[in-house]
Amino acid sequence: MASDNCIFCKIVRGEAPVAKVYEDEHTLALMDIFPVTDGHTLVITREHAENLFEASSEALQAVAATAKRVAHALKDTLHPDGLMVFQLNGAAAGQTVFHYHMHLMPRAEGEPLALHTRVPGDPQRLATLAKALAEHVSR
Ligand code: 5GP
Ligand code: ZN
């Protein structure tokens, strides 16, 4: 069920701006607006489920499949040293948006580890990345 005040539901409904990379029946992939690293991408479910415990198995499987597609696109486009994939459940685990999503974060060798930043990404860069990644995402 959709949630009126949820920012990711607004994105799913097309009511909030988004640098979109990919979408299918169950998922959307988009650039994180506060990217910790260049290329930081989120895969979100279309359904509103707060976390891993509430999301349907069908949606979770679809997120995994989309994450793999986007991971390949990130690898082919940005050639990072590594790719960190993570997903947070509950405020105590660091979750800040309570609509299920997975993070894909390209990482450079030796870079300090961080899960969040408050520095917004350059909108132009996010749009450019979304376009480049979209062209590399396999169907
Ligand atoms: P969490 O902490 O819940 O695992 O991650 C939420 C992520 O969503 C954060 O990395 C944050 O930067 C990102 N985020 C928050 N609001 C928006 C938004 O309106 N659009 C996009 N694209 N990302 C958002
Ligand atoms: Zn939602």
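Atoms within a ligand are numbered from 1 in the order they appear, just like the ligands themselves. What you see is a predicted model; the values in this text were computed from it and never measured.
For ligand 1, the polar-atom distance check finds no N/O of His40 at less than 3.5 Å from any of the ligand's N/O atoms. In terms of N/O distances under 3.5 Å, ligand 1 is not approached by Leu30. Considering backbone and side-chain N/O of Leu115, none are found under 3.5 Å from N/O of ligand 1.
Checked by atom type, the side-chain pair Glu47/Ser56 shows a donor-acceptor distance below 3.5 Å. In this model, no donor atom of one side chain and acceptor atom of the other lie less than 3.5 Å apart for His72 and His136.
Residue contact check: His103 has heavy atoms under 4.0 Å from atoms 1 (P), 4 (O), 5 (O), 7 (C), 10 (O) of ligand 1. Numbered from 1 in the order shown, with element, the atoms of ligand 1 that lie under 4.0 Å from a heavy atom of Gln95 read 2 (O), 3 (O). Counting the atoms of ligand 1 from 1 in the order shown, those under 4.0 Å from a heavy atom of Leu88 are 2 (O), 4 (O). With ligand atoms numbered from 1 in the order given, ligand 1 contributes 19 (O) to contacts under 4.0 Å with heavy atoms of Ile7.
Around atom 21 (C) of ligand 1, the closest heavy atom drawn from Ile33, Ile44, Val36, Thr96 belongs to Ile33.
If you look at Phe8 next to ligand 1, the close heavy atoms, those under 4.0 Å, all belong to the side chain. Of all the heavy atoms of His116, the ones lying under 4.0 Å from any atom of ligand 1 belong exclusively to the side chain.
Below 30°, between 30° and 60°, or above 60°: for Phe86 and His40 the angle between ring planes is between 30° and 60°, a tilted geometry.
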